[in-house]
Enquirer: 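Please see the structure below; I have some questions.
Just so it is clear, the structure is predicted and the values come from calculations on it, not from any experiment.
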Amino acid sequence: MGCLAFFKDFFLGFWDYETPKVMVVKDRKLGVIYRAVQLLVITYFIWHVFISQKAYQETETRPESSVYTKMRGVAMMGDSVQDTTEYVRPSEGGDVISTILRREVTHDQTQGTCAEHYSVANANCTNDSDCTQGETDFDGHGQRTGRCIPYYNYTFKTCEIKTWCPIEEYAAVREPAMEKAINFTVFIKNSIHFPKFKVLRGNIKPNKPKKLLRCHYHPVTNPYCPVFRLGFIAAQAREKFSELCRTGGIIGVFINWKCDFDKDPSECRPTYSFRRLDMRKNLPSSGYYYRFAKYYHKDGVEYRTLIKAYGIRLDVIVQGYAGRFSLIPTIISIVTAMTSVGICSIICDWIMLTFIDKNEVFSEMKFDDVSKKPSQPITTDLTLTSYGSTHSDLSDGVPL
């Protein structure tokens, strides 16, 4: 019976309507705290949520984008003229493009046998027994023949290997840096599409293509001229161009689209920022270089020129964000703001019931104890049991 009565009371009580009791506390300090907290909450939602974050908009953060790059400039490296065919990789352009600033060239290499470099592990020797025939060291340059020979024109010996001879560490010639490349320009064309809003934007004006041949980017005077000097890019990334010529480096070109489509889409313009991406403080892994070779034949023998190229690699990274007014996020934000205002009452109730001198009196007035049944219930057609007014006025001057 006890269990059945419990479930019966629970079922009947489930359909009861509960309403909070309003109690006015005329305490100046508590009132100031209450209004101050309300002001902070309302200011936060109006300024930060609605004005700054634009919470009334639906957004798109993953647009579709394409990038095309092209570098221009001519400079002298020694006695030879260097144009884009010589120093730009890859030649077809894309979201990654690099330019050679300095070279270390090993001329006239051919397949044969020669001495291994002395820095390779176990390469130094005194006789043939120190060299194992057929052994290959992955940090070395080739396969060992089993012979111990003099290291080129030096007196000490290293193991003989089968490889492209002479090896790079011995025969490489360091060419001077192409410092005039500081005036080379790179053209970065970017198109971005926001499929949710069906808006396509580009960072150049299609009706003025000839202007791109003689302009340079400026955020105010030339925002639609994405032509950047390499010196400008290095300076914006806070790097010395002379140091980049020596070690090379990887620089990120960030194209940021932040668009508000409540305004005219023509006002949606990209901003550019530059930052070095490789860890220059970690010397073994800093910088940027790569190797390639040019092959040719002479007297029926195949030769190659091995080139170790140091340069700047530009990684173009496109980031897009767009928003437009929508009723659903607006309603959600307004409801959230109205709900958050209720935090003010919770904070002030806690202060009232904890720190104010009359906290016990306030507690009795705020919470009614309805656990006891009346001793003589009155049964009529309409039974009304009142446990207090739904509105209480507590003043400091009124005795409680």
Side-chain angles (χ1 to χ4, degrees), residues 61-75 82-103 178 181-195 199-206 208-213 215-217 222-237 239 241 244-245 247-259 268-279 285-294 307-321:
T61 58
R62 293 185 177 182
E64 302 166 352
S65 175
S66 65
V67 175
Y68 168 76
T69 56
K70 181 180 180 180
M71 192 168 294
R72 298 177 66 244
V74 177
Q82 299 292 313
D83 57 12
T84 55
T85 305
E86 295 292 333
Y87 62 78
V88 175
R89 299 289 188 277
S91 58
E92 69 273 10
D95 57 358
V96 176
I97 189 172
S98 66
T99 177
I100 300 174
L101 300 178
R102 185 174 67 85
R103 303 188 307 180
M178 194 164 55
I182 193 173
N183 294 316
F184 289 176
T185 60
V186 55
F187 167 65
I188 303 175
K189 181 181 178 181
N190 175 224
S191 299
I192 191 167
H193 178 224
F194 296 95
V199 175
L200 177 64
R201 295 292 298 159
N203 65 339
I204 61 174
K205 289 186 176 181
K208 295 183 178 180
K210 294 183 179 180
K211 183 181 178 181
L212 299 175
L213 299 176
C215 70
H216 292 89
Y217 173 78
N222 280 323
Y224 287 105
C225 179
V227 179
F228 306 89
R229 289 175 55 252
L230 290 184
F232 172 81
I233 293 176
Q236 292 294 309
E239 296 293 332
F241 192 81
L244 291 174
C245 289
T247 63
I250 303 173
I251 296 179
V253 180
F254 296 88
I255 305 178
N256 303 288
W257 294 84
K258 190 173 183 180
C259 303
C268 176
R269 300 176 181 177
T271 58
Y272 302 87
S273 58
F274 307 88
R275 185 174 71 251
R276 185 164 179 175
L277 300 181
D278 61 302
M279 300 177 63
S285 61
S286 64
Y288 174 72
Y289 64 87
Y290 60 93
R291 292 177 174 87
F292 63 96
K294 296 181 179 180
I307 301 173
K308 183 178 182 181
Y310 292 83
I312 297 178
R313 193 183 83 182
L314 302 178
D315 292 2
V316 183
I317 302 171
V318 182
Q319 300 171 338
Y321 177 91

Enquirer: Starting at CZ of Arg103, measure out to CD of Glu86 and round the result to the nearest 0.5 Å.
Expert: 7.0 Å

Enquirer: So for atom NZ, which belongs to Lys308, do other residues, nucleotides or ligands contribute more than 12 heavy atoms lying within a distance under 6.0 Å?
Expert: yes

Enquirer: What's the spacing between Tyr288 OH and Leu101 CG if we round to 0.5 Å?
Expert: 11.0 Å

Enquirer: Just verifying a value: how many Å separate Leu230 CG and Leu244 CG, rounded to the nearest 0.5 Å?
Expert: 9.5 Å

Enquirer: Go through the steps to decide whether Lys189 and Ile204 satisfy the test side-chain contact (heavy atoms from CB on, under 4.5 Å), and finish with yes or no.
Expert: CA-CA 7 Å; Lys189 181 181 178 181; Ile204 61 174; 4.0 Å; yes

Enquirer: Give the minimum heavy-atom separation between Val318 and Trp257, together with the two atoms involved.
Expert: CG1-CD1, 4.0 Å

Enquirer: Can you tell if the side chain of Ile307 reaches within under 4.5 Å of the side chain of Lys294, non-hydrogen atoms only?
Expert: yes

Enquirer: Look at the side chain of Ser98 and the backbone N and O of Ile312, then say whether any donor-acceptor pair between them is shorter than 3.5 Å.
Expert: no

Enquirer: Starting at OG1 of Thr61, measure out to CZ of Phe194 and round the result to the nearest 0.5 Å.
Expert: 10.0 Å

Enquirer: Give me the atom names and distance for the closest heavy-atom approach of Tyr87 to Gln82.
Expert: CE2-O, 3.7 Å

Enquirer: Side-chain contact test, heavy atoms from C-beta onward, threshold under 4.5 Å: evaluate it for Arg89 versus Phe292 and give yes or no.
Expert: yes

Enquirer: Name the one of Phe228, Phe274, Phe187, Tyr224 that satisfies ring-ring contact (aromatic ring centres under 6.0 Å, His included) with Tyr217?
Expert: Phe228

Enquirer: Can the positive tip of Arg313 be found less than 6.0 Å from the middle of the six-membered ring of Tyr290, inside 45° of the ring normal?
Expert: no

Enquirer: Specify the closest pair of heavy atoms between Arg276 and Gly249, including all atoms of both residues, with the distance to one decimal.
Expert: NH2-CA, 3.8 Å

Enquirer: Would you name the heavy atoms of Asn203 and Pro270 that are closest together and state the gap between them?
Expert: CB-CG, 3.8 Å

Enquirer: Could you check Val316 against Asn190 for side-chain contact (heavy atoms from CB on, under 4.5 Å), going step by step and ending with a plain yes or no?
Expert: CA-CA 10 Å; Val316 183; Asn190 175 224; over 6 Å; no

Enquirer: Ignoring hydrogens, what is the shortest heavy-atom contact between Gly320 and Ile192? Give both atom names and the distance.
Expert: CA-CD1, 4.2 Å

Enquirer: Are the side chains of Leu314 and Thr69 in contact, using a 4.5 Å heavy-atom criterion?
Expert: no

Enquirer: Is there a side-chain contact (heavy atoms from CB on, under 4.5 Å) between Phe184 and Thr84 once you walk through the steps?
Expert: CA-CA 10 Å; Phe184 289 176; Thr84 55; over 6 Å; no

Enquirer: Give, for atom CZ of Arg229 and atom CZ of Phe241, the distance between the pair rounded to the nearest 0.5 Å.
Expert: 9.0 Å

